[in-house]
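Each chain gets a letter, A, B and so on, in the order its sequence line appears, and its residues count up from 1. A quick note: this is a predicted structure, and the numbers were derived from the prediction, not measured.
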2 protein chains.
Amino acid sequence: MATIKDIARLAGVSISTVSYALNNDTKVSKKTRERILATARELNYQKNGIASDLKRSSTRTIALIVTDLSGPYYSELVKGIQEVTLSKGYDLLACSSVGGETSTAVKFLTEKRVDGAIVLAHNISEEIILQSARAKFPVILLDRKVESEYVVSIEVDNEAGSHMAAEYLIKQGHRDIAYISGMAISELHFMRIRGYERALQEHGLNSKNRLHQFGLFNRENGYSMTKMLIAQGKLSSAFMYANDEMAIGGLMAFKEHSIKVPQDVSVTGFDDIELAKYVRPALTTVLQPKYERGALAAHLIFQILEGQDTEPYYILPTQLVMRDSVSSKA
Amino acid sequence: MATIKDIARLAGVSISTVSYALNNDTKVSKKTRERILATARELNYQKNGIASDLKRSSTRTIALIVTDLSGPYYSELVKGIQEVTLSKGYDLLACSSVGGETSTAVKFLTEKRVDGAIVLAHNISEEIILQSARAKFPVILLDRKVESEYVVSIEVDNEAGSHMAAEYLIKQGHRDIAYISGMAISELHFMRIRGYERALQEHGLNSKNRLHQFGLFNRENGYSMTKMLIAQGKLSSAFMYANDEMAIGGLMAFKEHSIKVPQDVSVTGFDDIELAKYVRPALTTVLQPKYERGALAAHLIFQILEGQDTEPYYILPTQLVMRDSVSSKA
DNA sequence: CTGTTAGCGCCTTCAG
DNA sequence: CTGAAGGCGCTAACAG
């Protein structure tokens with residue numbers, strides 16, 4: 001593969017002149033520049049971006065780290081990140097944390113391959129994040145709260161969100177409200193549970209034996225947990241699911257058993273993913289401001305890179321989206 | 001930031017010894033290695049992956065290039081790519097081609113930042129692909145057919161797919177079948193149109209004035225094109241859409257005008273995206289083997305990197321998925 | 001305007 | 001087992 005050295009030799013100029021010409025520096029005369037560009041084309045020269053990054057010691061790219069590249073994407077969130085990143089002339093790349101400590105995500109966090117990271121992957125350890133974050137490598141956390149210099153967390157008010165949902169169910173006359181969750185070690189899901197429990201307490205309702213936690217936060221598990229509860233005859237009047245994916249799994253289980261939603265049981269989710277409004281019945285759920293969150297995350301990266309001060313923590317409001325999966329028992 | 005130089009100085013050894021120790025080379029005695037690792041930890045040393053890549057002249061990472069990171073992802077396809085890539089010990093990163101010639105995608109294609117690329121982004125010019133592909137940089141194309149060394153195309157039999165869908169509609173008694181597409185410059189969509197036209201011809205039906213092409217291949221445009229046709233009173237008996245996204249937009253438009261699908265008009269899509277089975281009525285569409293396609297793409301990258309010969313072109317079969325959006329007029 | 005030069009941080013023969 | 005030395009390809013002072 002041709003390098004600038006080869007071009008220099010062929011064009012009869014020095015290496016630095018080639019570099020200047022290629023980078024459109026005004027120092028080079030038009031004539032030499034053109035000769036250089038011509039021989040570059042002739043050799044099918046391709047810049048080695050890695051060498052260039054090494055020299056500049058800056059990559060002008062930001063990484064978005066997600067649990068699984070093939071997973072259900074928060075498309076609006078990515079859009080927010082993408083637009084801000086591009087407007088700053090930076091590049092954005094996405095990588096996944098499948099593989100744990102040897103994952104691509106860790107490689108990008110710890111090997112200076114990018115200038116900042118936005119993390120939405122609970123399986124990345126806090127230790128790695130703390131070790132990586134520096135003035136020239138800000139880390140924005142979307143899935144947990146961590147207090148440290150050069151890392152800022154942007155959370156959604158999960159507790160208020162599920163509190164709102166529970167309160168709504170109670171107002172609709174539901175007294176026996178189950179909560180279906182996964183085996184959370186994540187702060188996020190603790191908060192959602194807390195909101196649920198608080199609402200029940202405030203209304204003198206019992207949440208004991210109503211909280212079911214097991215497995216992953218995905219559709220399959222929502223489905224199988226619901227089937228299990230149905231089999232055990234534990235049919236509450238309303239089911240709150242930890243997120244929309246699980247709720248959609250639950251909806252499938254109910255349908256299989258000819259249990260009508262919302263006539264027989266009411267269902268709520270959390271997140272307001274795109275599918276939520278398409279499933280039947282359309283899912284009543286809690287919306288989070290996804291685009292704004294993404295855009296804020298990207299903004300903060302640049303603020304920190306530019307040396308400005310930022311809040312260490314943001315919490316964004318949620319909103320109840322009432323659709324058709326909840327009935328009134330009044 | 002600490003470098004191996006700093007570690008060497010502090011640990012009282014040479015730079016190369018540090019490098020060996022860090023890379024688990026057996027040449028270093030256990031004692032020295034441990035001392036080195038300890039001082040590395042002490043200094044919070046973080047490897048500079050870029051320098052390492054430059055030296056090794058290999059990145060062990062593959063790029064997946066998509067039109068828009070926030071776009072509707074072929075999640076199954078990504079899963080196929082991801083699994084093969086990880087099993088080979090390579091990293092996978094995704095980047096978008098928004099921004100055209102100055103996009104992240106182009107940067108990764110032309111600057112040797114990765115060892116291979118899988119492209120699913122029609123707005124990347126063929127020229128760039130031809131210039132980039134080399135023995136040590138294979139490019140797999142999922143959105144077009146290009147014949148060249150080190151590039152292989154994996155297509156889906158688009159023509160057979162839409163031929164199948166059209167034929168099915170005809171068998172159900174439809175005679176007036178409209179085709180709604182975007183302004184395609186992409187081979188993919190030409191092929192879909194061709195399948196449609198061929199089926200009509202074979203049955204002596206007229207496709208003239210039945211082909212509507214305009215705008216993008218997204219939901220919004222499917223929606224607005226359908227509204228326009230409704231406004232013009234051009235209600236065919238069946239509407240074939242170029243893809244599921246557009247078909248879903250069409251479904252929304254029909255619903256707004258209280259035109260019943262499939263009672264009043266029949267609708268088909270293409271792709272079988274996840275949403276297709278959730279919309280009401282569930283969409284009859286053409287499925288492509290997404291996971292297999294992704295896995296094959298990744299496999300081919302490694303085959304080429306390992307110097308093995310490959311077919312220059314693959315075409316994968318499609319399959320009709322009959323759901324509820326088509327009625328029988330027989 | 002062009003050339004010389006000194007690295008960026010790491011890897012890897014080759015000697016010892 | 002350890003150290004010295006020479007780059008990978010590119011950039012950016014600094015001189016001319």
Side-chain angles (χ1 to χ4, degrees), chain A residues 1-37 39-40 43-61 107-108 110-115 132 134 136-137, chain B residues 1-37 39-40 43-61 107-108 110-115 132 134 136-137:
Chain A
M1 283 271 41
T3 70
I4 51 171
K5 228 187 226 164
D6 302 315
I7 300 178
R9 196 162 5 89
L10 237 94
V13 293
S14 81
I15 294 179
S16 62
T17 306
V18 175
S19 174
Y20 286 134
L22 258 25
N23 290 301
N24 286 318
D25 194 304
T26 49
K27 288 201 253 308
V28 184
S29 72
K30 206 168 175 192
K31 254 178 71 186
T32 4
R33 181 204 318 298
E34 265 157 25
R35 197 173 69 243
I36 290 173
L37 292 183
T39 60
L43 292 171
N44 189 23
Y45 166 74
Q46 311 243 125
K47 166 179 182 164
N48 185 322
I50 295 201
S52 158
D53 279 356
L54 175 59
K55 179 64 196 182
R56 290 196 217 263
S57 59
S58 145
T59 64
R60 295 190 75 78
T61 112
K107 185 165 152 186
F108 275 81
T110 61
E111 296 188 358
K112 303 179 187 164
R113 292 169 182 282
V114 287
D115 292 350
S132 313
R134 299 179 301 279
K136 291 292 165 216
F137 189 83
Chain B
M1 282 270 40
T3 70
I4 50 172
K5 228 187 228 164
D6 302 316
I7 301 179
R9 196 162 5 90
L10 236 92
V13 294
S14 83
I15 293 178
S16 61
T17 307
V18 176
S19 175
Y20 285 135
L22 258 24
N23 290 301
N24 285 318
D25 194 301
T26 49
K27 286 200 255 308
V28 184
S29 72
K30 207 169 173 192
K31 254 179 70 185
T32 4
R33 183 206 314 299
E34 265 158 25
R35 197 173 69 239
I36 289 173
L37 292 182
T39 60
L43 291 172
N44 190 23
Y45 167 74
Q46 311 245 124
K47 166 180 182 162
N48 185 323
I50 295 201
S52 159
D53 280 356
L54 174 60
K55 180 65 197 182
R56 290 196 216 263
S57 58
S58 145
T59 63
R60 295 189 75 77
T61 112
K107 185 165 152 185
F108 275 81
T110 61
E111 296 189 358
K112 302 180 187 161
R113 293 169 180 281
V114 287
D115 292 350
S132 311
R134 301 179 300 280
K136 291 290 166 218
F137 190 84

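Among the protein residues, B:I50 comes within range of no part of the nucleic acid, since none of its heavy atoms lies under 4.0 Å from any strand. Residue B:S16 is classed as a base contact, given a heavy-atom separation below 4.0 Å to a base. Across all strands shown, A:D53 has no heavy atoms under 4.0 Å from either base or sugar-phosphate atoms. Within 4.0 Å of B:S57, counting heavy atoms only, lies no atom of the nucleic acid at all. If you check every strand for non-hydrogen atoms under 4.0 Å, A:K112 touches nothing.
Here D:dG9 presents its P atom at 14 Å from CG of A:L43, a figure rounded to the nearest Å. We find that CD1 of A:I7 is positioned 8 Å from P of D:dC10, with the value rounded to whole Å. As rounded to whole Å, 15 Å separates atom C1' of C:dC14 from atom CG of B:D25. With rounding to whole Å, B:K27 atom NZ is found 9 Å from C:dT12 atom P. Spacing between atom OH of A:Y45 and atom C1' of D:dG9 amounts to 8 Å, rounded to whole angstrom units. When the C1' atom of C:dG3 is taken as reference, atom CD1 of A:I15 falls 10 Å away, rounded to whole Å. Atom CD of B:Q46 and atom P of C:dC10 are 11 Å apart (whole Å). For A:L22 and D:dA12, the CG to C1' distance is 15 Å, given to the nearest whole Å.
The minimum heavy-atom distance linking B:M1 with B:D6 is given by the pair O-OD2, 3.9 Å. Across B:K112 and A:A2, no two heavy atoms sit closer than the pair NZ-O, 4.0 Å. Nearest heavy atom pair, residue A:K107 against residue B:T59, reads NZ-O, 3.5 Å.
With D:dT2, D:dC10, C:dG3 as the candidates, the nucleotide lying closest to the side chain of B:T32 is D:dT2. Of the candidate nucleotides D:dT2, D:dG3, C:dC1, D:dG3 has the atom nearest to the side chain of B:V13. Here D:dG9 is the nucleotide among C:dT2, D:dG9, D:dG3 with the atom lying nearest to any side-chain atom of B:L54. Closest to the A:Y20 side chain, of the nucleotides C:dG9, D:dG9, D:dA13, is D:dA13. Nearest nucleotide to the side chain of B:N48, out of C:dG9, D:dT2, C:dC1: C:dG9. Of the candidate nucleotides C:dT12, D:dC1, D:dG3, C:dT12 has the atom nearest to the side chain of B:R56. Between C:dC11, D:dC1, D:dG3, one nucleotide has an atom nearer to the side chain of B:T17 than all others, and that is D:dG3. Residue A:S19 has its side chain nearest to D:dT11 when only D:dT11, C:dC11, D:dC8 are considered.
Within 3.5 Å, a donor on the side chain of A:K55 pairs with an acceptor on the base of C:dG7, or the reverse.
Ranked by how close their nearest DNA chain D nucleotide is to the 5' end, A:T3 and B:G12 are led by B:G12. In terms of position along DNA chain C, the nucleotide closest to A:V28 lies nearer the 5' end than the nucleotide closest to the other residue of the pair A:V28 and B:I4.
Using a 4.5 Å heavy-atom threshold, the side chains of A:R33 and A:I36 count as separate. Looking only at side-chain heavy atoms (C-beta outward), B:R134 and A:Q46 come within less than 4.5 Å of each other.
A close approach under 4.0 Å does occur between a side-chain nitrogen or oxygen of B:K5 and OP1 or OP2 of C:dC8. Remark: B:S52 is in phosphate contact with C:dC11, judged by side-chain N or O atoms under 4.0 Å from OP1 or OP2.
The one candidate from A:T39, A:V18, A:L22 that meets the side chain to side chain contact (heavy atoms under 4.5 Å, CB included) condition with A:Y45 is A:L22.
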